[in-house]
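Everything below concerns the one structure shown next.
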Amino acid sequence: QVQLVESGGGLVQAGGSLRLSCTASGRAVSTYTTAWFRQAPGKEREFVAAISWSGVSGGNTYYADSVKGRFTISRDNAKNTVYLQMNSLKPEDTALYYCAATSSPDTRSHYAYDYWGQGTQVTVSS
């Protein structure tokens, strides 16, 4: 079992950047596919990005079309932490961002993820 704690959210102006961190405990995060999801008020939780476990070519990455080219997911195995670097932020990126982990091969459905953090708020002002 793994426990996940997110940090790094905050208020930023449009065009700015933030880096979210997801620190794991209990097990090595490199043994899971780890993803970021987000949920805005009144909307469903949506997939943002994922990185597969280390056994798959060191970790393949996957992105939602809406963030491709702006966001980058990465992992530091020594720190047992997954990051989401968010650049060129837009007001529509405003949401509560969650880190999640799964042993399932399905990377994009939130139903496939067994372990979740508490979330960190990202607010982008126009």
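Please read these numbers as outputs of a predicted model, since none were measured by experiment. Throughout, numbering of the chain's residues begins at 1 and tracks the sequence.
Side-chain N/O atoms of Ser17 and Asn87 include a donor and acceptor closer than 3.5 Å.
Nearest approach of Thr61 to Tyr63, heavy atoms of both residues: OG1-CE1, 3.7 Å.
Side-chain N or O atoms of Thr120 include one that pairs as donor or acceptor with a backbone N or O of Gly9 at under 3.5 Å. The closest donor-acceptor contact from the side chain of Arg27 to the backbone of Gln3 lies at 3.5 Å or more, if one exists at all. Judged purely by atom type and a 3.5 angstrom limit, Thr94 uses its side chain to pair as donor or acceptor with the backbone of Val124. The closest donor-acceptor contact from the side chain of Glu6 to the backbone of Cys99 lies under 3.5 Å. Checking side-chain atoms of Thr102 against main-chain N and O of Ala112 turns up a donor-acceptor pair under 3.5 Å. With Asn80 contributing its side chain and Val29 its backbone, the two residues share a donor-acceptor pair below 3.5 Å.
Between Asp93 and Lys90 no salt bridge is recorded (no basic side-chain N to carboxylate O distance below 4.0 Å).
The distance from the CD atom of Gln121 to the CG atom of Leu96 is 5.5 Å, given to the nearest 0.5 Å. Atom CD1 of residue Ile51 and atom OG1 of residue Thr33 lie 9.0 Å apart, to the nearest 0.5 angstrom. Interatomic distance, OH of Tyr98 versus NE2 of His110, reported as 11.0 Å (0.5 Å rounding). Atom CD in Glu92 sits 10.0 Å away from atom OG in Ser126 (nearest 0.5 Å). Note that the OH atom of Tyr62 and the OG atom of Ser52 stand 4.5 Å from one another [nearest 0.5 Å]. To the nearest 0.5 angstrom, Tyr97 atom OH is 15.0 Å from Cys22 atom SG.
Checked against the 6.0 Å centroid threshold, Trp36 and Phe71 do not count as a close aromatic pair. Residues Tyr113 and Phe37 bring their aromatic ring centres within 6.0 Å.
Linking ILVMFWY residues whenever their side-chain heavy atoms come closer than 4.5 Å, directly or via other members, leaves Trp116 and Leu4 in distinct clusters.
The side-chain hydrogen bond (donor to acceptor under 3.5 Å, both in side chains) test applied to Thr107 returns no partner, not counting sequence neighbours. With sequence neighbours excluded, the residues satisfying side-chain contact (heavy atoms from CB on, under 4.5 Å) with Ser66 are Arg38, Ala64.
Each of Val82, Val48, Val122, Ile73 was compared with Leu20 under the side-chain contact (heavy atoms from CB on, under 4.5 Å) criterion, and only Val122 meets it.
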For Thr81 and Ser21, run side-chain hydrogen bond (donor to acceptor under 3.5 Å, both in side chains): C-alpha distance rounded to whole Å, both residues' side-chain angles, the deciding distance at 0.1 Å, then the answer.
CA-CA 7 Å; Thr81 298; Ser21 298; over 6 Å; no
Kindly determine whether Tyr115 and Tyr32 satisfy ring pair (Phe, Tyr, Trp, His ring centres under 6.0 Å), including the steps that lead there.
CA-CA 10 Å; Tyr115 307 104; Tyr32 294 93; 5.7 Å; yes
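Within a 6.0 Å radius of CD in Glu44, other residues, nucleotides and ligands contribute 12 heavy atoms or fewer.
Counting only heavy atoms from C-beta outward, the side chains of Leu89 and Leu18 approach each other to under 4.5 Å.
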